[in-house]
Every structure is written in C-alpha cells, then in structure tokens.
*Asks:* 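One structure is given below, represented as structure tokens, and several questions about it will come after.
This chain uses plain numbering: 1 for the first residue, then up along the sequence.
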Amino acid sequence: MEYVASLAFAKEKDQQDTLNKFRAQFYFPQRNGKDAIYLCGNSLGLQPKNVKAAIEQELADWQQCAVEGYWAAKNPWLYYQQYCSKPLTAILGASQQELTVMNTLTVNLHLMMLSFYRPNKQRFKVLMEAGAFPSDQYAVETQVKFHGYDPESAIIEVSPRPGEHLIRLEDILEIINTESDSLALVLFGGINYYTATVF
C-alpha cells in the first residue's frame with residue numbers, strides 16, 4: 001500500500017477497515033453540527049450507546065433488590081469479576097484463571113503496593129517511569145509517605161534521553177543495576193499511556 005495524503009485516500013481506507021463498524025456504537029460530541037474528531041481515550045473515551053441501558057439496569061436492580069442484588073440482580077454483583085473477566089481473556093491473551101476484574105486502577109495499585117512494597121532503611125526506593133499516568137504517580141507518592149519516606153529521595157524516575165521520546169530498556173536496566181542495593185520496588189505500567197510504549 002502506498003500512502004497518499006488525501007481525504008479520498010483516508011475515506012477509502014476507513015471503508016476497508018474491518019473495525020469501522022464499531023464507530024456507530026459510540027456517541028460523538030458535536031462541533032459545528034458535525035461529529036468531533038475525538039482522540040482522547042486514556043481517561044474517558046466516548047460514551048457507548050448501550051451504556052445508559054446498562055446503568056439503568058443496575059439502578060433498577062438496586063431499587064428492586066437492595067442488598068439482595070448481590071445474588072438476585074440480573075447481573076449479580078457478587079460475581080461481577082467472573083462474568084466481566086470472560087470477555088477480557090481474548091483481549092489480554094490470558095485464561096480466565098489468570099486474571100480478575102476489581103476496583104479502579106488506582107485502588108488496585110494501592111493494594112498491590114501494600115502487598116509488595118516493603119521498604120526498610122536500606123531498600124526503600126521505587127523506580128518508575130517519568131510521566132507515568134498522574135494517578136499512578138500520586139499513588140506511589142502516597143505509599144512512600146505512608147511508609148515514612150520522602151518521595152524526593154525515594155522515587156527514582158527514568159526518562160527518555162534528551163531529544164528522544166521513548167524510554168530505553170538499557171536505561172531502565174542501568175538504574176536497576178546502579179540502585180540494586182536501595183531498590184525496594186520497580187513499577188512500570190504495561191503500556192505508557194502517553195507514548196504507547198510497551199514495557
């Protein structure tokens with residue numbers, strides 16, 4: 001395929017895209033009477049058209065069942081991690097026994113750090129990517145302070161080299177080797193939300 005910088009080429013390729021049917025499943029903000037071009041999906045993507053009915057179902061179950069919604073709702077709340085994890089198996093390439101659905105990302109990060117971040121006087125530092133998602137950074141700072149350490153000295157952030165946009169693996173490994181006696185935790189998201197770098 002030879003790329004052509006034209007509207008006609010873009011429309012042709014969009015028609016050929018096997019995923020183009022999914023566009024119709026979302027609401028787009030309107031700008032000057034037209035669908036906005038919306039590329040901000042890292043926090044709050046476009047609203048799916050079926051989400052209102054899904055929320056109304058949960059509200060109706062809450063109204064009708066109260067606490068019994070945990071087992072009597074259309075989608076029993078007690079078992080959400082089981083029926084929500086099944087569709088994720090194909091996306092994540094994992095079996096249903098290898099994953100779970102729970103809480104929010106930040107709550108899960110706090111729970112994981114409470115389990116795995118065990119600092120002491122010698123090993124108290126956390127290595128993470130500079131420019132990680134802000135709530136990830138807030139969670140790490142909170143956990144460091146919770147354990148009585150100063151984020152300025154306890155958090156090491158690895159950045160892209162000057163003039164570059166992506167963090168190099170060798171730079172991460174160099175910091176791990178240099179700080180090996182003081183590192184208590186190495187924490188990287190699987191994918192950088194801003195650059196799409198896969199760690």
*Asks:* Could you tell me whether the side chains of Gln96 and Ser85 share a donor-acceptor contact shorter than 3.5 Å?
*Replies:*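 Their side chains do contain a donor-acceptor pair, which is all the 3.5 Å distance test asks for.
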
*Asks:* Does any non-hydrogen side-chain atom of Val158 lie less than 4.5 Å from one of Phe188?
*Replies:*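 In short, these two side chains touch, coming nearer than 4.5 Å.
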
*Asks:* What side-chain donor-acceptor pairs closer than 3.5 Å can you find for residues 15-22, not counting sequence neighbours?
*Replies:*
unit_1, atom_1, unit_2, atom_2, d
Gln16, OE1, Lys13, NZ, 3.1
Gln16, NE2, Glu12, OE2, 3.3
Asp17, OD1, Leu19, N, 2.8
Asn20, ND2, Asp14, O, 2.8
Asn20, ND2, Gln15, O, 3.2
Asn20, ND2, Asp17, O, 3.4
Lys21, NZ, Thr18, O, 3.3

*Asks:* May I ask you to list the residues sharing a hydrophobic cluster with Met113, side-chain cutoff 4.5 Å, ordered by chain and number?
*Replies:*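 For the cluster that includes Met113, the remaining residues are Leu109, Tyr117, Phe124, Val126, Met128, Val140, Val144, Tyr149, Ile155, Leu185, Leu187.
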
*Asks:* Supply the atom-to-atom distance Ile156 CD1 to Ile176 CD1, rounded to the nearest 0.5 angstrom.
*Replies:*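 So the gap between those two atoms works out to 10.0 Å.
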
*Asks:* Can you name the nearest heavy-atom pair linking Ala130 to Ser159, along with the distance?
*Replies:*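 Taking every non-hydrogen atom into account, CB-OG, 3.2 Å.
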
*Asks:* Which ILVMFWY residues can you reach from Leu114 by hopping between side chains whose heavy atoms are under 4.5 Å apart?
*Replies:*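 Cluster partners of Leu114: Phe146.
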
*Asks:* If you group Ile, Leu, Val, Met, Phe, Trp and Tyr by side-chain heavy-atom gaps below 4.5 Å, do Met112 and Val101 land in one group?
*Replies:*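 No.
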
*Asks:* Could you tell me whether the side chain of Tyr83 and the main chain of Asn75 form a donor-acceptor pair under 3.5 Å?
*Replies:*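 Yes, because the side chain of Tyr83 sits within donor-acceptor range (under 3.5 Å) of the backbone of Asn75.
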
*Asks:* Please table the atom pairs, donor to acceptor, closer than 3.5 Å between any side-chain atom in residues 24-34 and protein atoms at least two apart or in another chain.
*Replies:*
unit_1, atom_1, unit_2, atom_2, d
Gln30, NE2, Phe28, O, 3.1
Gln30, NE2, Asp35, OD1, 2.6

*Asks:* Between Tyr38 and Leu44, what is the shortest heavy-atom contact and its length?
*Replies:*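 Minimum heavy-atom contact is OH-O, 2.6 Å.
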
*Asks:* Rounded to the nearest 0.5 Å, what's the gap from CD on Glu170 to CD1 on Ile167? Could you check?
*Replies:*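 Those atoms lie 11.5 Å apart.
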
*Asks:* Tell me which pairs pass side chain to side chain donor-acceptor pair (under 3.5 Å) where either residue lies in residues 178-187, with sequence neighbours left out.
*Replies:*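 Residue pairs passing side chain to side chain donor-acceptor pair (under 3.5 Å), neighbours aside: Lys125-Glu179, Glu179-Ser182.
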
*Asks:* Which ILVMFWY residues are connected to Val198, directly or by a chain of links, through side-chain heavy atoms under 4.5 Å apart?
*Replies:*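 Its cluster mates, by chain and number, are Ile191.
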
*Asks:* Considering residues at least two apart in sequence or located in another chain, which fulfil the salt bridge (Lys or Arg N to Asp or Glu O under 4.0 Å) criterion with Glu98?
*Replies:*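 Counting only residues at least two positions away or on another chain, Glu98 forms no salt bridge (Lys or Arg N to Asp or Glu O under 4.0 Å).
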
*Asks:* Given the rule in the side-chain contact (heavy atoms from CB on, under 4.5 Å) test, do Val186 and Ile175 qualify, once you have shown the distances and angles that lead to the verdict?
*Replies:* CA-CA 10 Å; Val186 176; Ile175 294 172; over 6 Å; no

*Asks:* Is there any salt bridge (charged side-chain N to carboxylate O under 4.0 Å, His left out) pair reaching into residues 135-158, and which pairs are they, with sequence neighbours excluded?
*Replies:*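 Salt bridge (charged side-chain N to carboxylate O under 4.0 Å, His left out) check on residues 135-158 returns no pairs.
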
*Asks:* Decide if atom CG of Leu59 counts as having more than 12 heavy atoms of other residues, nucleotides or ligands within a radius under 6.0 Å.
*Replies:*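 Enclosed: over 12 neighbouring heavy atoms sit under 6.0 Å from CG of Leu59.
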
*Asks:* Rounded to the nearest 0.5 Å, how far apart are CG of Leu166 and OG1 of Thr197?
*Replies:*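 Result: 4.0 Å between the selected atoms.
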
*Asks:* With rounding to the nearest 0.5 Å, note down the distance linking CZ in Arg23 to CG in Leu46.
*Replies:*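 So the CZ of Arg23 and the CG of Leu46 are separated by 8.5 Å.
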
*Asks:* Can you give me the closest heavy-atom contact between Gly131 and Gln137, atom names plus distance?
*Replies:*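 Closest heavy-atom pair between Gly131 and Gln137: N-NE2, 4.0 Å.
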
*Asks:* In the hydrophobic cluster built from side-chain contacts under 4.5 Å, what are the other members alongside Val4?
*Replies:*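 Grouped by the 4.5 Å side-chain rule, Met1, Tyr3, Phe9 form the rest of the cluster around Val4.
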
*Asks:* With sequence neighbours left out, which residue pairs that include part of residues 63-82 fulfil the ring pair (Phe, Tyr, Trp, His ring centres under 6.0 Å) condition?
*Replies:*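 Every pair satisfying ring pair (Phe, Tyr, Trp, His ring centres under 6.0 Å) with a residue in residues 63-82: Tyr70-Trp77.
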
*Asks:* Considering all heavy atoms of both residues, which atom of Thr89 and which atom of Ser95 are nearest to each other, and what is their separation?
*Replies:*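 Heavy atoms of Thr89 and Ser95 come nearest at CG2-C, 3.9 Å.
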
*Asks:* Side-chain contact test, heavy atoms from C-beta onward, threshold under 4.5 Å: evaluate it for Met102 versus Leu111 and give yes or no.
*Replies:*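 Heavy-atom side-chain distance check passes, below 4.5 Å.
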
*Asks:* Salt bridge (charged side-chain N to carboxylate O under 4.0 Å, His left out): which pairs involve residues 101-123, sequence neighbours left out?
*Replies:*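 Sorted pair list comes back empty.
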
*Asks:* Can you sort out the partners of Thr142 under side chain to side chain donor-acceptor pair (under 3.5 Å), two or more places apart, ordered by chain and number?
*Replies:*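 Testing Thr142 for side chain to side chain donor-acceptor pair (under 3.5 Å), a comparison that skips the adjacent residues, returns none.
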
*Asks:* Measuring from Leu173:CG to Arg168:CZ, what's the distance to the nearest 0.5 Å?
*Replies:*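 Rounded to the nearest 0.5 Å, the CG-CZ separation comes to 13.0 Å.
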
*Asks:* Is Leu105 reachable from Leu88 through a run of hydrophobic residues whose side-chain heavy atoms are each under 4.5 Å from the next?
*Replies:*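 In one cluster: no.
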
*Asks:* Are the side chain of Asp61 and the backbone N or O of Gly69 linked by a donor-acceptor pair below 3.5 Å?
*Replies:*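 Between the backbone of Gly69 and the side chain of Asp61 there is no qualifying donor-acceptor contact (under 3.5 Å).
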
